[in-house]
Amino acid sequence: MSRFPTTLVLLAAVLLLGGYIVLVERKADQQDRRQERARRALRFEPERVTHLRLATAEVQAALEKEGDGWRLTSPVRARAHAGEVARLLDMLEALVRSEVITGREQREQNLTPGDFGFARPRARLSLRENGREMTLLIGRDTPLGGNLFVKVESEASIFVASSNLLAGLPTRVDDLRERRVFQGFPGEVNRVDVRRPDGLLQLARTDQGVWRMQKPFSGRAAYAAVQNLLDRLFEVRVVEFVADTIAAASLYGLDEPSAQVT
């Protein structure tokens, strides 16, 4: 009979100890997260960014969030590569302050931002989150190489970052453009029109998921053939962006196309 209360006491002690350990670990984890966040160069949430601007020697571009995607607004209006934009935002969010040179230290050593390459920065990245705009400047390489001097435009402090930051920036506007011709997924399509000079092929999917041919005649379509067509259409990618307007469509045979797919 005396063992049962002893067992309960030991069980309660184990539970209390376990709870204490979990509490301590959680507190330490929260503290580590706060310290990591405090070291970040730009404190923002990528999913809340609505505008992004990039200026380097090779690229001058502005992007704007549109629904769940992104669009280039300058130098050309076009769909942006959402994955590339997400990569840039993640890279900026992960950027941490290391080897910080405060404004006071700069004054004590008679240094100015221009001495670190910020009079003419090699890159300028600006983003807007909930109406708040932040701009990051990339200056010259550090004397020992392998790193860069980086600065938030509105702050006096300068810090050091890996040269991977500059290497990770796009070198062409086309790198920011969406190369998929058709957006979405084949399973979301409910109608396909293929127009050629000799006539129109029109396919439509019923509410039950059955594909039917509506033109040039009516009848049930081969599901596998339609699916194969859709898969091929959604695999089409832009190889090269030749022109940004259709003003010279006749030069490319687009005034009288051999096929038009909708």
Side-chain angles (χ1 to χ4, degrees), residues 46-54 58-91 127-129 169-262:
E47 62 275 9
R48 294 188 178 182
V49 175
T50 57
H51 294 75
L52 177 64
R53 292 200 308 273
L54 170 66
E58 300 87 6
V59 178
Q60 303 277 332
L63 302 103
E64 183 175 324
K65 195 167 189 179
E66 188 178 81
D68 294 331
W70 283 85
R71 285 193 69 82
L72 269 164
T73 58
S74 177
V76 61
R77 299 191 66 85
R79 287 180 293 154
H81 192 304
E84 179 65 11
V85 176
R87 184 191 68 81
L88 287 173
L89 292 176
D90 289 343
M91 183 175 66
L127 56 88
R128 190 185 306 168
E129 176 197 37
L169 299 181
T171 57
R172 303 179 305 159
V173 172
D174 286 355
D175 295 337
L176 294 166
R177 296 183 66 167
E178 176 60 75
R179 291 182 177 270
R180 292 179 301 165
V181 174
F182 290 97
Q183 303 299 293
F185 302 94
E188 298 172 338
V189 178
N190 52 38
R191 180 173 158 181
V192 181
D193 291 356
V194 181
R195 189 180 300 276
R196 294 181 180 274
D198 58 353
L200 170 66
L201 169 64
Q202 188 174 85
L203 303 164
R205 187 172 59 179
T206 68
D207 294 338
Q208 291 73 37
V210 177
W211 281 98
R212 295 191 61 83
M213 184 181 297
Q214 295 181 329
K215 291 182 181 180
F217 50 82
S218 180
R220 184 161 180 165
Y223 181 88
V226 176
Q227 197 60 46
N228 181 58
L229 171 63
L230 291 174
D231 289 342
R232 291 172 63 187
L233 289 175
F234 278 84
E235 288 172 357
V236 176
R237 298 291 186 273
V238 174
V239 175
E240 181 182 357
F241 294 99
V242 179
D244 294 322
T245 71
I246 59 171
S250 61
L251 293 178
Y252 311 107
L254 297 175
D255 53 342
E256 295 182 2
S258 58
Q260 179 175 310
V261 181
T262 304

Could you tell me which residues satisfy side chain to side chain donor-acceptor pair (under 3.5 Å) with [X], sequence neighbours excluded, listed by chain and number?
X      : result
Asp174 : none
Glu58  : Thr56
Arg196 : none
Arg87  : Glu84

Can you give me the closest heavy-atom contact between [X] and [Y], atom names plus distance?
X      : Y      : value
Pro197 : Ser258 : CD-O, 3.4 Å
Val85  : Ala80  : CG2-CB, 4.4 Å
Tyr223 : Gly209 : CE1-O, 4.0 Å

Roughly how far apart are [X] [atom1] and [Y] [atom2], rounded to 0.5 Å?
X      : Y      : atom1 : atom2 : value
Phe185 : Leu230 : CZ    : CG    : 13.5 Å
Arg48  : Leu127 : CZ    : CG    : 14.0 Å
Leu63  : Arg79  : CG    : CZ    : 14.0 Å

side-chain hydrogen bond (donor to acceptor under 3.5 Å, both in side chains): which pairs involve residues 61-78, sequence neighbours left out?
-> none
Kindly write out the residues that satisfy salt bridge (charged side-chain N to carboxylate O under 4.0 Å, His left out) with Arg172, not counting sequence neighbours, or none if the list is empty.
-> Asp175
Write out all pairs satisfying salt bridge (charged side-chain N to carboxylate O under 4.0 Å, His left out) with one or both partners inside [range], taking only residues at least two apart or from two chains.
range            : result
residues 203-215 : none
residues 223-237 : none
residues 177-188 : Arg177-Asp244, Glu178-Arg180

Using the side-chain contact (heavy atoms from CB on, under 4.5 Å) criterion, which residues pair with [X]? Sequence neighbours excluded.
X      : result
Gln60  : Ala55
Pro257 : none
Ala61  : Val59, Leu72, Pro75, Leu176

Pro216 and Leu200, any side-chain heavy atoms less than 4.5 Å apart = no
Does the pair Arg195/Asp193 count as a salt bridge with the N-to-O cut at 4.0 Å?
-> no
The residue among Asn190, Leu229, Val189 that forms side-chain contact (heavy atoms from CB on, under 4.5 Å) with Trp211 is Val189
Would you check, one step at a time, whether the test side-chain contact (heavy atoms from CB on, under 4.5 Å) holds for Val261 with Phe182?
-> CA-CA 10 Å; Val261 181; Phe182 290 97; 4.1 Å; yes
Is the count of non-hydrogen atoms from other residues, nucleotides or ligands lying under 6.0 Å from Glu256 atom CD greater than 12?
-> no
